[in-house]
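Below is one structure, written out as structure tokens, with a few remarks after it.
Sequential numbering from 1 along the given sequence is applied to the chain's residues.
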Amino acid sequence: MSKTASVALAPSSSLLARLIAAVDGLLMASAQISIRNGDLPRFGL
């Protein structure tokens with residue numbers, strides 16, 4: 001019996017989750033720019 005143990009970990013995030021996070025980041029940046037300019041941010045896509 002070996003003295004080391006290994007644990008199989010699932011990938012931390014799937015490709016779809018990374019894509020959604022990237023789109024969310026772009027929307028948040030756009031909203032911050034709109035607020036800084038004194039405009040109302042557009043919601044959603």
Side-chain angles (χ1 to χ4, degrees):
M1 185 174 231
S2 69
K3 294 186 179 196
T4 60
S6 63
V7 177
L9 298 175
S12 60
S13 60
S14 67
L15 185 61
L16 180 62
R18 287 188 220 171
L19 178 66
I20 292 172
V23 170
D24 182 55
L26 290 173
L27 288 173
M28 289 299 293
S30 174
Q32 289 175 351
I33 291 169
S34 295
I35 291 170
R36 193 179 317 134
N37 290 337
D39 300 332
L40 290 175
R42 294 186 300 181
F43 298 100
L45 294 173

Legend entry - Gap separating the CG atom of D39 from the CD1 atom of I33, nearest 0.5 angstrom: 11.0 Å
Legend entry - Spacing of CD1 belonging to I20 relative to CG belonging to L15, to within rounding of 0.5 Å: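 Answer rounded to 0.5 Å: 10.0 Å.
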Legend entry - Check: L26 main-chain N/O paired with S30 side-chain donor or acceptor under 3.5 Å: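 No.
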